[in-house]
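These notes concern the structure reproduced below.
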Amino acid sequence: MDDQQFRQLLNHFQYSWSGYRKVRKGVKKRINRHMHQLGCRNMDAYLAKLDQSHKTRQECELLMTVSISRFFRDRKFWHTLEKKLLPELLEFRTGKVKVWSAGCACGDEVYSFKIVWEGLKKSYDNLPKLEVLATDINPVYLERARAGVYSAGSLKEVKKELISKYFHRQRSKNQYAIKTALAKDVVFKIHYLLLDPPGSNFDVIFLRNNVLTYYEDRLKKNALGNVLESLAPSGLLVIGSHETLPYERHDLVRVAPHPFVFRKRDL
Ligand SMILES: C[S@@+](CC[C@H](N)C(=O)[O-])C[C@H]1O[C@@H](n2cnc3c(N)ncnc32)[C@H](O)[C@@H]1O
């Protein structure tokens with residue numbers, strides 16, 4: 001498949017070329033295989049199949065997902081979260097803290113959050129109850145997230161002492177499995193970000209490196225609108241460090257020092 005055909009596919013879904021440009025090699029490979037299985041010789045034939053069958057379309061959508069992630073991606077942000085943002089939140093949230101990792105892929109982000117939260121227990125006698133929801137469109141990634149087994153590469157930003165505290169090293173391979181403390185209070189669930197949010201009143205929402213990177217503006221706006229409905233007043237929205245919001249939101253205020261962290265106005 002050449003780039004022109006690939007762009008045809010992206011246009012069909014309203015996905016963004018700039019989002020997919022760097023990762024297109026792997027995605028094209030998966031789509032080529034799918035086209036071959038369906039007996040499609042060119043993109044026009046493939047797009048016609050996608051229009052004819054909801055199931056085929058869904059298969060294609062899943063093949064277009066990209067699961068690249070790692071623990072503590074954007075390292076400095078996690079430091080700010082631990083030292084400033086969560087302590088500020090804990091000044092006024094006493095009952096329960098609700099967190100949503102939207103488009104969580106294989107769980108690196110959500111377990112990074114859990115490591116930070118567990119660390120806070122040193123400074124707080126009574127942390128509020130925590131509820132973490134981690135969602136993704138792709139059930140295969142969610143299965144991997146539930147299993148919680150990671151390569152050394154995914155953990156390269158995790159300090160050695162935290163690796164020994166929260167992971168078991170697997171004997172046979174250079175892999176690490178999470179200890180049960182990290183899985184506690186985390187629920188994984190399938191959810192499609194263009195549909196209604198899977199909960200309400202979240203104190204922190206991670207919407208990083210998914211729809212705001214891979215979708216065109218109209219879809220980004222729809223997804224963002226849905227997500228923000230479920231953010232509690234004063235709650236935090238965290239997007240990817242290379243991402244921007246598709247439109248000005250007067251209900252969101254940037255939280256220094258990271259331009260990709262926002263607080264919802266308490267109206
Ligand atoms: C590159 S990963 C990002 C993982 C993590 N948030 C991070 O920043 O490291 C993108 C994830 O978003 C998911 N995704 C993409 N579009 C989605 C949608 N419309 N609804 C739900 N999940 C979606 C993909 O399946 C993939 O697992």
Side-chain angles (χ1 to χ4, degrees), residues 9-10 12-16 18-27 30-31 57-78 81 99-116 132-148 150-151 153-158 186-199 202 204-230 236-244 246 258 260-261:
L9 180 63
L10 296 178
H12 183 84
F13 281 106
Q14 296 185 48
Y15 290 168
S16 135
S18 60
Y20 273 97
R21 197 176 55 81
K22 279 196 189 145
V23 293
R24 70 190 188 282
K25 199 168 159 214
V27 179
R30 295 196 291 267
I31 298 296
R57 191 182 178 81
Q58 273 186 331
E59 286 166 2
C60 175
E61 271 179 325
L62 294 185
L63 294 171
M64 298 286 291
T65 60
V66 175
S67 66
I68 300 166
S69 189
R70 62 175 184 280
F71 279 72
F72 297 116
R73 187 177 204 172
D74 304 321
R75 188 76 192 82
K76 285 186 182 150
F77 156 73
W78 293 95
L81 184 74
V99 177
W100 177 21
S101 166
C104 65
C106 303
D108 313 45
E109 175 177 274
V110 79
Y111 294 130
S112 301
F113 179 83
K114 277 305 300 287
I115 291 175
V116 170
V132 183
L133 178 63
T135 62
D136 203 279
I137 189 182
N138 196 321
V140 175
Y141 300 159
L142 286 176
E143 262 325 297
R144 288 190 202 145
R146 284 190 189 97
Y150 298 94
S151 66
S154 302
L155 300 185
K156 68 176 188 233
E157 307 265 17
V158 187
V186 181
V187 172
F188 290 99
K189 197 171 152 186
I190 292 204
H191 173 259
Y192 182 49
L193 278 163
L194 288 174
L195 299 180
D196 289 345
F202 290 105
V204 184
I205 298 180
F206 293 96
L207 182 70
R208 303 162 78 219
N209 309 299
N210 43 61
V211 288
L212 297 182
T213 290
Y214 296 106
Y215 283 6
E216 283 294 358
D217 264 12
R218 195 180 68 81
L219 295 188
K220 281 186 199 179
K221 285 178 187 166
N222 290 350
L224 183 68
N226 288 340
V227 166
L228 287 177
E229 251 177 55
S230 68
L236 296 170
L237 171 74
V238 187
I239 64 173
S241 60
H242 300 291
E243 295 175 326
T244 51
H258 305 292
F260 50 90
V261 181

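Because only heavy atoms are used, hydrogens play no part in the values below, and waters and symmetry mates are left out as well, while side chains stay in. Counting from 1, the numbers follow the sequence of the chain as shown. Counting starts at 1 for both ligands and their atoms, in listed order.
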ask   = Are side-chain heavy atoms of Ser101 and Val186 found at a separation under 4.5 Å?
value =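 Ser101 does not reach Val186 side chain to side chain.
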request  = Please tell me if the side chains of Lys189 and Leu133 come closer than 4.5 Å, counting only heavy atoms from C-beta onward.
outcome  =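 Heavy-atom side-chain distance check passes, below 4.5 Å.
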Any atoms of ligand 1 less than 4.0 Å from a non-hydrogen atom of [X]? List them with their elements.
| X | result |
| --- | --- |
| Glu109 | 5 (C), 6 (N), 7 (C), 8 (O) |
| Asn209 | 1 (C), 2 (S), 3 (C), 7 (C), 8 (O), 10 (C) |
| His191 | 20 (N), 21 (C) |
| Ile68 | 1 (C), 2 (S), 3 (C) |
| Tyr215 | 16 (N), 18 (C), 19 (N) |

Residue, atom name and distance, where the atom is the protein heavy atom closest to [atom]:
| atom | result |
| --- | --- |
| atom 12 (O) of ligand 1 | Asn210 CB, 3.2 Å |
| atom 4 (C) of ligand 1 | Gly103 O, 3.4 Å |
| atom 27 (O) of ligand 1 | Asp136 OD2, 2.6 Å |
| atom 14 (N) of ligand 1 | Ile137 CG2, 3.9 Å |
| atom 26 (C) of ligand 1 | Val66 O, 3.2 Å |
| atom 20 (N) of ligand 1 | Leu193 N, 2.9 Å |
| atom 7 (C) of ligand 1 | Arg73 NH1, 3.3 Å |
| atom 9 (O) of ligand 1 | Ser69 OG, 2.5 Å |

Measuring from [X]:[atom1] to [Y]:[atom2], what's the distance to the nearest 0.5 Å?
| X | Y | atom1 | atom2 | value |
| --- | --- | --- | --- | --- |
| Ile239 | Leu212 | CD1 | CG | 5.5 Å |
| Tyr214 | Met64 | OH | CE | 10.5 Å |
| Asn209 | Glu109 | CG | CD | 8.0 Å |
| Glu229 | Asp196 | CD | CG | 6.5 Å |
| Phe206 | Leu237 | CZ | CG | 10.0 Å |
| Lys156 | Ser151 | NZ | OG | 9.0 Å |

message = With a 4.0 Å cut-off on heavy atoms, is Asp108 in contact with ligand 1?
response =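 Judged by the 4.0 Å heavy-atom criterion, Asp108 does not count as contacting ligand 1.
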inquiry  = Is the contact between Arg208 and ligand 1 made by the side chain, the backbone, both, or neither, using heavy atoms and a 4.0 Å cut-off?
reply    =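 Under 4.0 Å from ligand 1, Arg208 contributes backbone and side-chain atoms.
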task = Quick one: look at Tyr141 and ligand 1, take heavy-atom pairs under 4.0 Å, and tell me if it's side chain, backbone, both or neither.
result = side chain
task = With Phe72 as reference, evaluate Phe77, Phe113, Trp78 under the side-chain contact (heavy atoms from CB on, under 4.5 Å) test and give the passing residue.
result =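 For Phe72, the side-chain contact (heavy atoms from CB on, under 4.5 Å) test succeeds with only one of Phe77, Phe113, Trp78, which is Trp78.
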query = What heavy-atom pair brings Cys60 and Ile31 nearest, and what distance separates the two atoms?
reply =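 Distance-wise, the nearest heavy atoms are SG-CD1, 3.9 Å.
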